[in-house]
Structure formats: structure tokens, C-alpha cells
Amino acid sequence: MREEKTLRAGQPGITVRDLHVRYGQYEILAGINFTVPMGDFLAIAGPNGSGKTTLVKALAGLLPVAKGEIIFSPGIRLGYLPQKTAYADPRFPATVWEVIASGLAARNIFPRALTPHDREQIGDALNLLQIEDLAGRRIGMLSGGQQQRVHLARAMVDNPSLLILDEPTGALDPHSRECFYSTLVHLNRQHGVGIIIVTHDVSAIGEYAASVLYLDRKVLFHGSPADFEADAAMEHYFGLHQRHEPHDHHRAL
Amino acid sequence: MFFSMLGYAFVQRALISGIFIALSCAALGCFLVLRRFSMIGDGLAHTGFAAVALALVIGASPLAVAIPFVMLMSLGILRLGGKTTLYGETAIGLVSSLAMAAGILLASLGGGFSVDLYSYLFGSILAIKESELILSIVLSTVVILIIKIFYRYLFSITYDEEFAKVSGIRTGLVEKILILLTALTVVLGMRVVGTLLVSSLIIFPAVTALQLSKGFRATILIAMACGVISVSAGIIASFHLDLPTGATIVVVNFLLFVAAFIYGRMRN
């Protein structure tokens, strides 16, 4: 079950204990255990079908937990960037401002009207992601990189303490990818926002992440990128990944 | 000549009720079209036809039977599409054809197609009664108010349902509200253009507005304006040219769409 408990200050942001998630009879995640400290930059990696997206969806409350528990520290606010918004439908009639405004969390059955404070927050999110000039543009007419910045602004507009991102850079060109990661690092280091990111991007893990969780239905590794690099058992997986990596790495793992 | 036609009470009733119904159809249409659910109007209209046939057989008021029946069926379609292995559009197709068959059987049991049943099949806005006018105004106002109240949530689930769930919106509840409002509006729309054409009141204004606007709120407002123009122009044109009103409204809608499409292409 997914529950929020009152934890003492200084304790971890998220604790996952013996997490099992099933699709019908098929068990996707089988006994996952890990802890994410507040302010961490955690990269979740693993082969296709290893349960990475299932794990972040369970963390975001989108999938039911069959067994085990996910414990959030009190007051934690989640921001979420789903995988499918890598490109918005170009025909969808929504301005950047409208998309970001939809990120202000809903806490009641009836939505409330936007207050001046909400508008200020939307302005702050536009400013944070440096997309003020795009506010009136139609989302579907922007480049992939710009769209992801808008969706990141939507995830940030409610001042989350933890951002969960599911393969956000898969559809981006190398330059946009670099810019996107730089923004995440800025949010993490300057604003203290915790990051949990699903990625296949080996170079990004080495360069930006503070910790790595390697998954294949179970946790095979959880530690620092340096330890991950040194872990002989991981060499096999990373070797496979590196062969498929299309662009130069800033740092070989 | 235009002003002389406005002197007729039946024309006044037709214009006022038509405008209110067009406003609610157009506003809902924007959400339905973008959620790839636009054919729900067609499906619900067919269930409405079955309900009207039933009402006529048992001697009840058609709207009194059709409104709750179609609202119930709308939830059934939603459940069929969501809880079974059927795709949403397949669920609409199944319910729609079954309801049409039921309507034809009921009409046959009732001694064949009556004038009343024909009026719901092809629309008869010029024959609208005072009580139906009041019902149209009240229910359309309720629909528009509920859309206004839930606008932010409706936008969120339409743009990105998964994100909407994470941000705390009860997406299932909002979807039910949307579908129930659609059911209500479809029954009202049946009186304007008929069972066979009611989905045009939902789809055309929305797709016309999509050619013109870049924002969501603006799309809804443009769609509502298109709905009002098409219904008003359709009623006036059909009156002067002695044409069927429902079909004329659809043709005006089509012309507006073509004009918007050409303008949109030229602008881009």
C-alpha cells in the first residue's frame, strides 16, 4: 500500500520497502527496497522491460502497490514529468501558460480560481526555466527541447521538493539533452529539489547523478556512480548500453 | 423580412433554445474532440432515440424518459470502454447500434414511426414548446456553469490525464461529469437537429475553432461563437428557403469549418 507517515526530520525523503507491483498475474517488480534522501539526484537505469517506468509510476501513485509500502516524509511535494509528454500533439490548442497553470496541484473536489499568487508562481516557473518569451505560444508548435522545458516548468510550478521524471530526454537531440540536464542540476543544487530520473543515458548518469539504482525487476545495484562503475557485475549491463549509446560520452563509466 | 420572422413566437423559441443548446454542445465538443471521444455524441443520440421510442410506446414525456436513460447509458459506455477489453470507440459502436435496433423494435411495437418519433430522428426545433424552451435554457445554463466550475480539471485531464492524476485530480470523477453533461446536452440537441445529426453540433464548432486558436480557453469561446452562428443562420436560412432546419444548421457548420480551414492554412 502507498501511504504517508509522519517521520522525524532528517530521515529519508522516500523509503520503499518490499515493493511488489503486478499487471494482472504478471509481477513486474518483485521485492524492491531502497531509500532516497531529500535532495538526492537518483538515476534509475535498467534494460527494457526491467520495471523502471512501473517503479516511478508506483512512486507517483499511478499504479497500485500489490505488496510492500512506499513511505514519504511529511510535507514532501511531488512533481512529475511523464514519459509520453516528450512531444505534445501539434494540434492541441494550449498555450505554454495554460499548460504550466495546469501544474498547480488539485487538493479539492472543486477546482479553485487562479489567485494572483498562483499567477506569480506561474511567472516564477516561466522565469526559472527561462521560457518567459514562450508563454503565449502554442505548446505543439515548439521544439522537443522547448516542450520539455515547459513540462518541467509545469512539474515545478507547485514548488515540489522531489521531481520524478520518466525518460524525459529520449526524444531530444544531444544539445537539448545537455540543456535539459543542466537545468535539472541547477534545480537540484541551487534549489534543493530532489530528482528521481529514469534514463537510458549512460553519460548523464555519470556526469549528473549523485546515485544510481540499477533495476531488473529487483534492485541489482544502489549506490554512487563511481561504485557502479567499479561494480564488476554491472559491467556487463553497462557494456551493452554503451554500445547502443549514439553520442559521445563526457565520461566513460 | 428578417425582423418579420422574429415576430413569430415559434421562431423566437427556436432561436433562443437553439442558441443555448449550441453553446453547451460546442463547449463540451472541445473536450470530447481532443479526448478522441467525439463519436460519443452519435452513440448517445442513438440511445436517446431508443428512449424516445420507449416513451412514446408507454405514453410518457420523451424528454423525461430520454434524459435519465441516456445519462445512465453514458456511464455504461464509459464503464464498457474502461473496465473491459473493449476500446472506447468499440463500446460506443456496440451500445449505439444496439440502442438504434431497440428503438426501431419499440417503434414497430408502437405501431410504426409516428410524427413525434420522426421529429426526434430529424429534429424539429421550429416545433419546440414553451416548456421545452425553458428546459433547454435551464439545462444548458447548468451544463455551461459546471464546465466553468470544473474548467481547470477538465483542461488537465484533456491535456495529460496521467499528470492530472498525480497532481491530485480525481480524473474518474471528472470524466464521469463530462460524460453526464454530454448525455444531457445530446438529448437537448436531438430536438434541434435530430438524432442523426446531433453529433455535428458537438464536433463541427470544436474542429472549426481548432483551426483558428492557439489557446484552450480561446478555442472554447470560438467554438461557442461558431455554434451560435450556425444555429442562428441555419434557422433563419431554413425558414426563408423552406429547407429542413437540422440539415441546414449542419451545412452552415460545414461552411464555417471550410472558411476556418482555409484561413488557418493561409495564416500558417
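Because the structure is a prediction, the values reported are computed rather than measured. Chain identifiers are assigned alphabetically (A, B, ...) following the order of the sequence lines, protein sequences preceding nucleic acid strands; residue numbering begins at 1 within each chain.
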Engineer: Only distances under 3.5 Å count here; give the side-chain donor-acceptor pairs of residues 126-133 of chain A to other protein atoms, sequence neighbours excluded, each with its distance to 0.1 Å.
Structural biologist:
none

Engineer: Let me know if B/Thr219 has heavy atoms under 4.5 Å from chain A in its side chain, its backbone, both or neither.
Structural biologist: side chain
Engineer: Look at A/Val96, A/Leu114, A/Ile164 and state which one has the largest set of heavy-atom pairs under 4.5 Å with chain B.
Structural biologist: A/Leu114
Engineer: Hey, is CZ on A/Arg77 packed in by over 12 heavy atoms from elsewhere, all under 6.0 Å?
Structural biologist: yes
Engineer: For B/Ser38, which residues count as a side chain to side chain donor-acceptor pair (under 3.5 Å) partner, sequence neighbours excluded?
Structural biologist: none
Engineer: Considering only heavy atoms, which portion of A/Val99 lies under 4.5 Å from any heavy atom of chain B: side chain, backbone, both, or neither?
Structural biologist: both
Engineer: Under 4.5 Å from any heavy atom of chain B, what part of A/Leu104 do you find: side chain, backbone, both or neither?
Structural biologist: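 A/Leu104 touches chain B through backbone and side-chain heavy atoms alike.
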Engineer: Answer yes if the ring centres of B/Phe31 and B/Phe155 are under 6.0 angstrom apart, and no otherwise.
Structural biologist: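 No, the ring centres sit 6.0 Å or more apart.
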